[in-house]
Undergrad: 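Quick one: structure below, then a few questions.
One-based numbering, in listed order, for ligands and for the atoms of each. Heads up: numbering here begins at 1 and tracks the sequence. Computed from a predicted structure; not experimentally measured.
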Amino acid sequence: MKNYINQLPKAELHLHIEGTFEPDLMFEIAKRNEIKIPFNSVAEIEKAYQFNCLQDFLDIYYQGAGVLIHEADFYDLTYSYLKKCADQNIRHTEIMFDPQTHTERGISFETVINGISAACKDAKNKLGVTSLLIMSYLRHLSEESAFKTLEQSIPFKDKITAVGLDSSEKGNPPSKFKNVFEASVNAGYIPLAHAGEEGDADYIWEALDILKIKRIDHGNNALQDPKLVQEIIQRDIALTVCPLSNTALQVVTNLKDHPLKKMIALGLKVTINSDDPAYFGGQLNQNYIEIQKALNLSKKDLYLLAKNSFQYALLDRGLKEKYLLELEKFYEENK
Ligand code: ADE
Ligand code: ZN
């Protein structure tokens, strides 16, 4: 199964670029920018990556992102992840970035977007990996701050496909961002949001009804409410599920208890994703490998998960068809 998963053509739909920051690269960039980080070795970093909840993780994640200063830093971070995509047969990836994590520290929006998008362009040409960008608003900050970010993004609008909503979920409901999501849609961005990771089902309702989202990041807690499950199915909205993130952040106690199979059985459209691979113990293929083992998923299950990843990508029709055909061929030839 490991070989099968490695070769399976797939897309990644839930990935934070700041969450791909591997310790080696963090040390290298911290050194060249002459920034002190509170760790002296990879072992010390790994020891610090033990989380009890989402907030525990976010505190360390924002600290790590603090060494990113120049366009070249954002380029290196992004290109390093895209190389891993090529190695894992990830054909397409939809990358979230958190502008406010950087603009709040005095780094310009332009520096961030130019570094990330230059890496995406090079990866398409050199590695054949396609990608698009999702600008995520930090929900622990104000709607006013999100509006400022939206404004800053407008000159770079052609480089951004969607908006997202991430960071501390509890106490920051989707309704807090009603107006900025409306304005973002008017600016041409597709609305997406994290919902139901730690927050309850009513946060998912808000994300659907108030923010009008087209995809749910995580969505685990949808299972609290059968009516909500039916609504998600009826609207044909996919969940971007992140197994290793869920165990790392104690959203799920054990992979064997992960609700993925239950979600599929209910008729929900589910995809597998890595969320923040440098922090949660594995890249995308490792997520597939571990969840396959824990839930005894079949080749057909894996194929259907990969199929959803292309089907629910924000890709144009032509490219989507091309990837789906490739996947179909792989499935038929490897039964
Ligand atoms: N930012 C990065 N990863 C996140 C997650 N899993 N939930 C909320 N915000 C995040
Ligand atoms: Zn996430």
Undergrad: Nearest 10°: the angle subtended at the Zn ion (ligand 2) by Asp275 OD1 and His14 NE2?
TA: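 Value, to the nearest 10 degrees: 80°.
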Undergrad: Parallel, tilted or perpendicular for Phe74 and His102, by the 30°/60° rule?
TA: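 Aromatic pair Phe74/His102 classed perpendicular.
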Undergrad: Please classify the Asp98 to ligand 1 contact at 4.0 Å (heavy-atom distances, strictly less than): side chain, backbone, both or neither.
TA: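 Neither; nothing of Asp98 gets under 4.0 Å from ligand 1.
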Undergrad: Which residue and non-hydrogen atom of the protein lie closest to atom 3 (N) of ligand 1, and at what distance in Å?
TA: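 Its nearest protein heavy-atom neighbour is Asp276 OD2, 2.6 Å.
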Undergrad: What residue and heavy atom of the protein are closest to atom 1 (N) of ligand 1, and at what distance?
TA: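 For atom 1 (N) of ligand 1, the nearest protein heavy atom comes out as His16 CE1, 3.5 Å.
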Undergrad: Would you mind telling me if ligand 1 is within reach of the side chain of Glu169, the backbone, both or neither, using heavy atoms under 4.0 Å?
TA: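 Neither; nothing of Glu169 gets under 4.0 Å from ligand 1.
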Undergrad: Is it true that, when you exclude Lys148 itself, more than 12 heavy atoms of the residues, nucleotides or ligands shown sit nearer than 6.0 Å to its NZ?
TA: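 Check fails, neighbour count at 12 or below.
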Undergrad: Give me the nearest non-hydrogen protein atom to atom 9 (N) of ligand 1 as residue plus atom name, then the distance to 0.1 Å.
TA: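 The answer is Ser167 N, 2.8 Å.
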Undergrad: Give me the ring orientation class for His14 and His194: parallel if the planes are under 30° apart, tilted from 30 to 60°, perpendicular past 60°.
TA: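 Taking His194 first and then His14, their aromatic rings stand perpendicular (interplane angle over 60°).
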Undergrad: Is a side-chain donor or acceptor of Glu94 paired with a backbone partner of Leu314 at a separation under 3.5 angstrom?
TA: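 Here the side-chain-to-backbone pair exists.
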Undergrad: Roughly, to 10 degrees, what angle do His16 atom NE2 and His194 atom NE2 form around the Zn ion (ligand 2)?
TA: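 Roughly 100°, rounded to 10°.
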Undergrad: Would you mind telling me if ligand 1 is within reach of the side chain of Leu58, the backbone, both or neither, using heavy atoms under 4.0 Å?
TA: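 For Leu58, only side-chain atoms sit under 4.0 Å from ligand 1.
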Undergrad: Pick one of side chain, backbone, both or neither for how His218 approaches ligand 1, counting any non-hydrogen atom pair under 4.0 Å.
TA: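 Within the 4.0 Å criterion, His218 contacts ligand 1 through side-chain atoms alone.
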Undergrad: Pull out every atom of ligand 1 sitting under 4.0 Å from any heavy atom of Leu54, numbered as shown with elements.
TA: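 The atoms of ligand 1 under 4.0 Å from a heavy atom of Leu54 are 5 (C), 7 (N), 8 (C).
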Undergrad: Is it true that, when you exclude Arg317 itself, more than 12 heavy atoms of the residues, nucleotides or ligands shown sit nearer than 6.0 Å to its CZ?
TA: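 At most 12 heavy atoms, drawn from other residues, nucleotides or ligands, come within 6.0 Å of this atom.
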Undergrad: I'd like to know whether Asn89 forms a side chain to side chain donor-acceptor pair (under 3.5 Å) with Asn6, so could you lay out the CA-CA distance, the side-chain angles of the two residues, the decisive distance to 0.1 Å, and finally the verdict.
TA: CA-CA 7 Å; Asn89 283 311; Asn6 286 338; over 6 Å; no
Undergrad: Using 30° and 60° as the class boundaries, would you call the ring planes of Tyr61 and His16 parallel, tilted or perpendicular?
TA: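 The rings of Tyr61 and His16 stand perpendicular, inter-plane angle above 60°.
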Undergrad: Are Leu127 and Tyr79 close enough that some pair of their side-chain heavy atoms sits under 4.5 Å apart?
TA: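 The answer is yes; the side chains approach within 4.5 Å.
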Undergrad: For atom 6 (N) of ligand 1, what is the closest protein heavy atom, and at what distance to 0.1 Å?
TA: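 Looking at atom 6 (N) of ligand 1, the protein heavy atom closest to it is Asp275 OD2, 2.6 Å.
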Undergrad: Considering heavy atoms of the protein only, find what lies nearest to atom 7 (N) of ligand 1 and give residue, atom and distance to 0.1 Å.
TA: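 Scanning the protein heavy atoms, the shortest distance from atom 7 (N) of ligand 1 goes to Glu197 OE1, 2.7 Å.
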